[in-house]
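Written below as C-alpha cells is the structure these notes are about.
In what follows, residues are counted from 1 in the order of the sequence shown.
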Amino acid sequence: MDPSRISIRPFKLSDVDDFLKWAGDDKVTWNLRWNSITSKEEALEHLEKVAIPHPWRRSICLDDSSIGYISVWQYSGDDKCRANIGYALATEYWGQGITTIAMKLALSTVFDDLSDLGRLEAFVEVHNKGSQRVAEKVGFLREGPIKNFYPSVQAFRCR
C-alpha cells in the first residue's frame, strides 16, 4: 500500500456512504462501543451527533474515502493527563498496514492537539492479534492483561 494514499482527518457528513459500508459490518463493530449501523439515516445521525463533535475522532481515509476511524478519549479531572485510543478499519483493508500508517499519523499530532496528555493507553481484546501487532508496531508497550477489570483485554501504553 502506498502510504501517500492514506490520511486521517475529521469526519464530514459527506462521508455517510463510505462510513455506512464499514460501520455496518459486524466484523468491524463486534468489539466497539457501538453496534453496527444499519441505515443511512442512522449513519448520518452518528456522524452528526457522535463522530463530528467528538474532540479527537478522525476518519482513516484511503484516497480521502473513509475506511475506518481512530478515536482518543481523554479522561477528565485529575486523570486528564491520560487517554485511551481505539481504532477500527473496514475488513477489506485488514492486514495491509493501513491502520499502522494511520496510527503513526495520529500519534504525530495527538500529544500536541491534547496538550494535557502525558499517557496514551490502548485496550485490545486478547484474541485480536492484529490489533495488538498494530499497537506494538507504532511504539506501544504491552503491559499485560487487566485481570481484575477486563480479563480478556491486553493493556498497552505509549509514553
Side-chain angles (χ1 to χ4, degrees), residues 1-11 15 18-19 21-37 46 50-51 54-159:
M1 179 63 60
D2 177 2
S4 69
R5 297 177 59 203
I6 301 162
S7 62
I8 60 170
R9 60 162 172 75
F11 278 95
D15 290 326
D18 293 330
F19 175 76
K21 287 178 193 172
W22 59 265
D25 182 345
D26 291 339
K27 291 178 185 174
V28 174
T29 63
W30 68 271
N31 67 344
L32 299 180
R33 296 179 185 190
W34 37 279
N35 295 323
S36 292
I37 292 175
H46 185 88
V50 178
H54 191 284
W56 211 100
R57 181 165 294 177
R58 304 293 185 263
S59 176
I60 300 172
C61 297
L62 179 63
D63 300 326
D64 205 40
S65 294
S66 180
I67 60 169
Y69 85 100
I70 297 175
S71 192
V72 175
W73 299 272
Q74 189 170 17
Y75 297 101
S76 60
D78 291 342
D79 283 335
K80 72 182 200 175
C81 63
R82 295 175 45 222
N84 183 314
I85 191 166
Y87 42 89
L89 191 71
T91 55
E92 67 190 272
Y93 300 106
W94 289 0
Q96 298 179 38
I98 293 171
T99 306
T100 300
I101 294 166
M103 283 287 287
K104 287 178 180 178
L105 292 170
L107 292 173
S108 74
T109 66
V110 73
F111 286 97
D112 291 332
D113 294 347
L114 303 174
S115 61
D116 295 324
L117 188 59
R119 177 183 166 97
L120 189 58
E121 304 164 334
F123 300 111
V124 181
E125 294 286 336
V126 171
H127 61 273
N128 192 341
K129 302 299 183 194
S131 191
Q132 290 178 34
R133 282 192 303 275
V134 167
E136 290 173 331
K137 284 180 187 178
V138 300
F140 280 74
L141 301 173
R142 182 187 305 260
E143 293 185 326
I146 308 172
K147 294 179 182 167
N148 296 330
F149 190 50
Y150 291 115
S152 67
V153 172
Q154 290 280 324
F156 293 81
R157 71 175 166 83
C158 180
R159 280 198 189 176

Between the side chains of Ser131 and Tyr87, is a donor N or O closer than 3.5 angstrom to an acceptor N or O?
yes
Any side-chain heavy-atom pair from Trp94 and Thr99 closer than 4.5 angstrom?
no
Hey, are the side chains of Tyr93 and Trp22 touching, using non-hydrogen atoms and a 4.5 Å cut-off?
no
Can you tell whether the side chains of Arg5 and Asp64 come within less than 4.0 Å, N to carboxylate O?
no
Between the side chains of Arg119 and Glu143, is the shortest nitrogen-to-carboxylate-oxygen separation below 4.0 Å, so that they form an ion pair?
yes
Asp26 vs Ser36, test: side-chain contact (heavy atoms from CB on, under 4.5 Å). Steps then yes/no.
CA-CA 6 Å; Asp26 291 339; Ser36 292; 2.4 Å; yes
side-chain contact (heavy atoms from CB on, under 4.5 Å) assessment of Met1 paired with Ile6
CA-CA 9 Å; Met1 179 63 60; Ile6 301 162; 3.6 Å; yes
Point-to-point distance, once rounded to the nearest 0.5 Å, from SG of Cys61 to CD1 of Ile8
9.0 Å
Quick one, His54 and Ser71 - any side-chain contact, counting heavy atoms below 4.5 Å?
yes
Would you tell me whether Ser4 and Asp2 have side-chain atoms, one donor and one acceptor, within less than 3.5 Å of each other?
yes
Val124 and Asn128 have their tightest heavy-atom pair at CG1-O, 3.7 Å
Measure from the ring center of Phe19 to the ring center of His46 and say whether it is less than 6.0 Å.
yes
Indicate yes or no: does Arg82 engage Asp79 in a salt bridge with an N to O separation below 4.0 Å.
yes
